[in-house]
Amino acid sequence: QQQVKQSPQSLIVQKGGISIINCAYENTAFDYFPWYQQFPGKGPALLIAIRPDVSEKKEGRFTISFNKSAKQFSLHIMDSQPGDSATYFCAASPGNQGGKLIFGQGTELSVKP
Amino acid sequence: GAGVSQSPSNKVTEKGKDVELRCDPISGHTALYWYRQSLGQGLEFLIYFQGNSAPDKSGLPSDRFSAERTGGSVSTLTIQRTQQEDSAVYLCASSHPSPGRRETQYFGPGTRLLVL
C-alpha cells in the first residue's frame, strides 16, 4: 500500500516534443505529490509538487495532472529540451508521518536534438 | 548559501567492515532524512529525524543499520558488518517544516558505497 508505481522506465523524445511520465498509488493517506529531477552524480532536486485538492499545476514547461479518483498523477514536459535529459522520480508523502517521501522507480528521459 | 553536504562522496569497503556516512544539513533545517538508492532503483526511505529524535526508523533494513543526530545538525548513518547488498548511494535530505505546510526536501549529492 505504500508503493508508488512509475512508468515508463525510460523515454526518448525529440527536441520540442512532449514528455509524459505516469505514476499510480494505492494509499489514500498520501496528501503530497512531488516530482524530483536527478542528473547523474547529483542528488534529486524538487521540480514541481501538487496536493490532491487540485487537478493540475503548471510551472513553466512543467505540468502535473492529478486524478484523485483514479489515484494517478503525471508529469508533462512541454517543448522538451536536451537539457531536460535526466532521471525523473515521482513521489508521495503520507500525512502526519513527518514528511517522508515514497518514491517511484524513476524514468530516465533522453531528449534528442 | 551552502546546501546539504555529505561525506565521503565515495566509500569502498570490504564485506564485514563497519562504515560511517556523514550528513551536514542546511543550517536551521530541523528535519533530516536518509534514503538509499540502489542501482537503477528509486529512492528508499530509511529514517527521519526531527531535531535529535528519530520518530520514524521504519525504513532501516536491519539491525546492522543505525543513525544518530547530534546538536540538531550533523547526522551519521552507521552500517555494521557490511554486506554486498548494502552497496548503493546513500542520500541525505533536510527541510524546515512549517505547520500545515509541506516544505521542500533538499538533497545532498550522496555517498556512493561499494562493498567488495
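No hydrogens, no waters, no symmetry mates; every other heavy atom, side chains included, goes into these values. Note on naming: letters A, B, ... go to the chains in the order of the sequence lines (proteins, then strands), and numbering restarts at 1 for each one.
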Is there any disulfide (SG to SG under 2.5 Å) pair reaching into residues 31-61 of chain A, and which pairs are they, with sequence neighbours excluded?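 Matches after skipping sequence neighbours: none remain.
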Using the rule that Ile, Leu, Val, Met, Phe, Trp and Tyr join whenever any side-chain heavy atoms are under 4.5 Å apart, tell me whether [X] and [Y] fall into a single cluster.
{"X": "V13(A)", "Y": "I64(A)", "answer": "yes"}
{"X": "I21(A)", "Y": "I50(A)", "answer": "yes"}
{"X": "F65(B)", "Y": "F49(B)", "answer": "yes"}
{"X": "L46(A)", "Y": "F103(A)", "answer": "yes"}
{"X": "L46(B)", "Y": "Y48(B)", "answer": "no"}

Using non-hydrogen atoms only, which part of Y35(B) is less than 4.5 Å away from chain A: side chain, backbone, both, or neither?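 Y35(B) touches chain A through side-chain heavy atoms alone.
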Give, as side chain, backbone, both or neither, the part of S58(B) having an atom under 4.5 angstrom from any heavy atom of chain A.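 For S58(B), the side chain is the part near chain A, not the backbone.
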Name, in order of residue number, those residues of residues 105-113 of chain A that have a heavy atom at a distance of less than 4.5 Å from a heavy atom in chain B; otherwise write 'none'.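 So the qualifying residues are Q105(A).
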I want to check something: taking the side chain as every heavy atom from C-beta on, are L43(B) and F89(A) in contact at a cut-off of under 4.5 Å?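 Contact flag for L43(B)/F89(A) side chains = yes.
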For [X], is it the side chain, the backbone, both or neither that has a heavy atom under 4.5 Å from a heavy atom of chain B?
{"X": "T87(A)", "value": "neither"}
{"X": "K100(A)", "value": "both"}
{"X": "Q38(A)", "value": "side chain"}

Residue by residue, which of residues 105-116 of chain B have a heavy atom closer than 4.5 Å to a heavy atom belonging to chain A?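 Result: Q105(B), F107(B), G108(B), P109(B), R112(B).
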Proximal to chain A - members of residues 71-93 of chain B, heavy-atom separation under 4.5 Å: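 Residues of residues 71-93 of chain B touching chain A at under 4.5 Å: L91(B).
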What residue in A91(A), P44(A), G43(A) has the most heavy-atom pairs under 4.5 Å with chain B?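 Answer, by heavy-atom pair count under 4.5 Å with chain B: P44(A).
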Step by step, work out the side chain to side chain contact (heavy atoms under 4.5 Å, CB included) result for L101(A) and Y33(B). CA-CA 9 Å; L101(A) 296 173; Y33(B) 307 81; over 6 Å; no
Using a 6.0 Å cut-off, check whether atom CD of Q9(A) has over 12 heavy atoms from anything other than its own residue.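 For Q9(A), atom CD is not crowded (no more than 12 foreign heavy atoms under 6.0 Å).
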